[in-house]
There are 2 protein chains.
Amino acid sequence: MNIRTLCLGALSFKEASGYEIKKEIEDGLFSHFIDASFGSIYPALTQLNVEGLVTLRAEEQTGRPDKKVYAITDAGHDALAKALSVVPARDKYKSEFLFEMLMQHYLSPGHIIVALEKQLADLNIDLSQMNQCKADSSQMRVPGCEFVMGYGEAVLTAGANYIELKLAELKSQGLKAAE
Amino acid sequence: MNIRTLCLGALSFKEASGYEIKKEIEDGLFSHFIDASFGSIYPALTQLNVEGLVTLRAEEQTGRPDKKVYAITDAGHDALAKALSVVPARDKYKSEFLFEMLMQHYLSPGHIIVALEKQLADLNIDLSQMNQCKADSSQMRVPGCEFVMGYGEAVLTAGANYIELKLAELKSQGLKAAE
DNA sequence: TGATGCATGTAATCCGTTACATGATTCA
DNA sequence: TGAATCATGTAACGGATTACATGCATCA
């Protein structure tokens with residue numbers, strides 16, 4: 001899947017500017033399974049407009065560049081549906097944390113604990129951000145939201161629980177060693 | 001983290017050829033959180049050799065190109081330790097599956113069920129591959145292995161359970177609708 | 001006054017994948 | 001006989017990130 005399809009997907013919920021789409025991808029539900037930067041979003045939007053898959057309306061603002069509000073067209077809906085019909089690529093998971101853990105024979109016990117705590121903190125940030133999405137009334141409400149949040153919560157919680165377990169093990173071992 | 005560090009990490013367990021490292025990354029423990037292709041591994045190995053971080057020994061073979069067996073040097077160990085000392089980047093998770101699920105208002109119930117079943121199958125493949133690693137006696141045994149497998153199993157199982165639940169819900173709903 | 005947010009966009013650069021090139025062996 | 005495995009390597013290409021460029025408003 002490419003950024004164009006992603007933008008189309010974001011616009012299928014509500015019209016938005018490139019800036020707003022970026023925020024949605026960074027802080028909203030998308031953030032848990034997709035990345036995108038301005039450098040890819042703005043050109044994608046321009047291209048989609050040229051192809052007639054989105055329309056463009058300039059909102060004047062004082063002291064700022066015009067806000068370019070994009071909205072999906074019927075052709076855009078069709079294109080999105082078509083993109084959705086192809087079999088999706090497998091999930092990709094990249095983790096320097098797990099690489100570090102696999103190499104833990106290179107690391108001091110203190111370093112390992114710090115790494116585990118950082119990972120735990122990251123997972124909890126994601127988790128609380130997910131709950132914020134849940135609580136946010138301005139959040140779009142479609143059947144997919146519930147599923148994605150449920151899936152994310154299940155996976156994130158499992159990871160966090162596992163780390164907490166290991167952390168407790170390590171710390172009790174540390175105490176014993178210090179005796 | 002880059003492919004060079006990855007190769008160094010793989011070689012820290014045992015000496016190997018580029019081909020063997022690729023296999024390790026594809027089928028071994030690394031596979032669950034890292035990707036790499038020949039096009040990146042071979043050049044990385046060449047470069048590491050030039051820099052003196054690995055040594056190279058050519059094993060003659062009949063009817064095949066010489067097997068180039070790489071081994072990590074002391075300088076390589078140092079470089080790996082140094083790379084491991086920097087704070088790792090956050091985990092990155094990309095999922096077209098979740099994007100599809102978020103857009104499920106574009107999809108037919110049949111399509112959704114197929115997508116869920118595919119995801120479940122993928123998760124189970126990963127899970128069984130993890131168990132194969134566990135059973136494989138030739139597998140390297142370091143403390144990190146246990147952790148990585150435990151983490152992977154926890155996360156993968158949580159995802160699989162969630163999907164099974166949703167699948168059961170959908171199917172019972174489908175039956176009711178058919179009545 | 002300095003960081004952060006709002007707002008858009010381009011160009012250089014990076015990093016990696018895919019495809020290509022070669023070729024013997026083994027298994028179904 | 002055709003596919004898969006073993007084995008290495010290069011070059012083209014793609015896709016996205018990072019950095020750069022600009023500039024006002026707001027908050028601490």
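Chain identifiers are assigned alphabetically (A, B, ...) following the order of the sequence lines, protein sequences preceding nucleic acid strands; residue numbering begins at 1 within each chain.
Listed by chain and number, the residues in a salt bridge (charged side-chain N to carboxylate O under 4.0 Å, His left out) with B:Glu60 amount to none (sequence neighbours excluded). Shown here are the side-chain hydrogen bond (donor to acceptor under 3.5 Å, both in side chains) partners of B:Glu59, two or more places apart in sequence or in another chain: B:Arg57. Legend: residues meeting side-chain hydrogen bond (donor to acceptor under 3.5 Å, both in side chains) with B:Glu51, ordered by chain and number and at least two apart, are B:Arg4, B:Gln47. For A:Val86, there are no side-chain contact (heavy atoms from CB on, under 4.5 Å) partners two or more places apart in sequence or in a different chain. The side-chain hydrogen bond (donor to acceptor under 3.5 Å, both in side chains) search around A:Lys94 returns none, not counting sequence neighbours.
Summarising the geometry, the separation between OH on B:Tyr42 and P on D:dA11 is reported as 16 Å, rounded to the nearest angstrom. Taking atom CG on A:Leu6 and atom C1' on D:dA16, their separation rounds to 13 Å, with Å as the unit. Taking atom CG on A:Asp66 and atom P on C:dT8, their separation rounds to 9 Å, with Å as the unit. Put simply, CD on B:Glu60 is 17 Å from C1' on D:dC6, counting in whole angstrom units. Residue B:Lys67 contributes atom NZ, which lies 16 Å from atom P of D:dT5 at whole-angstrom precision. In this structure, B:Leu56 atom CG and D:dA7 atom P are separated by 15 Å, rounded to whole Å. In this structure, B:Glu59 places its CD atom 10 Å from P of D:dT8, rounding to the nearest Å. Remark: P of C:dT8 and OH of A:Tyr19 are 9 Å apart, rounded to the nearest angstrom.
Within 4.0 Å (heavy atoms only), A:Thr46 reaches no atom of the nucleic acid at all.
Taking the side chain as every heavy atom from C-beta outward, B:Val148 and A:Phe97 never approach each other to under 4.5 Å.
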Report, one pair per line, the protein and nucleotides 25-28 of chain D atoms (nitrogen or oxygen only) whose separation is under 3.5 Å.
none

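Sorted by first and then second residue, the side chain to side chain donor-acceptor pair (under 3.5 Å) pairs with a member in residues 75-88 of chain B read A:Tyr106-B:His77; sequence neighbours excluded. The side chain to side chain donor-acceptor pair (under 3.5 Å) contacts involving residues 152-163 of chain A comprise A:Lys134-A:Glu153, where partners must be two or more places apart or lie in separate chains. Annotation: salt bridge (Lys or Arg N to Asp or Glu O under 4.0 Å) contacts involving residues 23-37 of chain B, sequence neighbours excluded, comprise B:Lys22-B:Glu26.
OP1 or OP2 of C:dA7 has at least one side-chain nitrogen or oxygen of A:Gln61 nearer than 4.0 Å.
Comment: A:Glu20 does not engage A:Lys14 in a salt bridge, judged by the lack of any side-chain N to carboxylate O separation of less than 4.0 angstrom.
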Can I get a per-line list of side-chain donor-acceptor pairs under 3.5 Å for residues 111-121 of chain B, giving both atom names and the distance, sequence neighbours left out?
from	atom 1	to	atom 2	distance (Å)
B:His111	NE2	B:Glu100	OE2	2.6
B:Glu117	OE2	B:Lys171	NZ	3.0
B:Lys118	NZ	B:Asp122	OD2	3.1
B:Gln119	NE2	A:Asp91	OD2	2.9
B:Gln119	NE2	A:Tyr151	OH	3.2

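Within residues 23-33 of chain B, no residue has any heavy atom closer than 4.0 Å to DNA chain C.
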Problem set entry | Nucleic acid footprint by protein, nucleotides 15-22 of chain C - heavy-atom cut-off 4.0 Å, B for base, S for sugar-phosphate alone | -SBB----
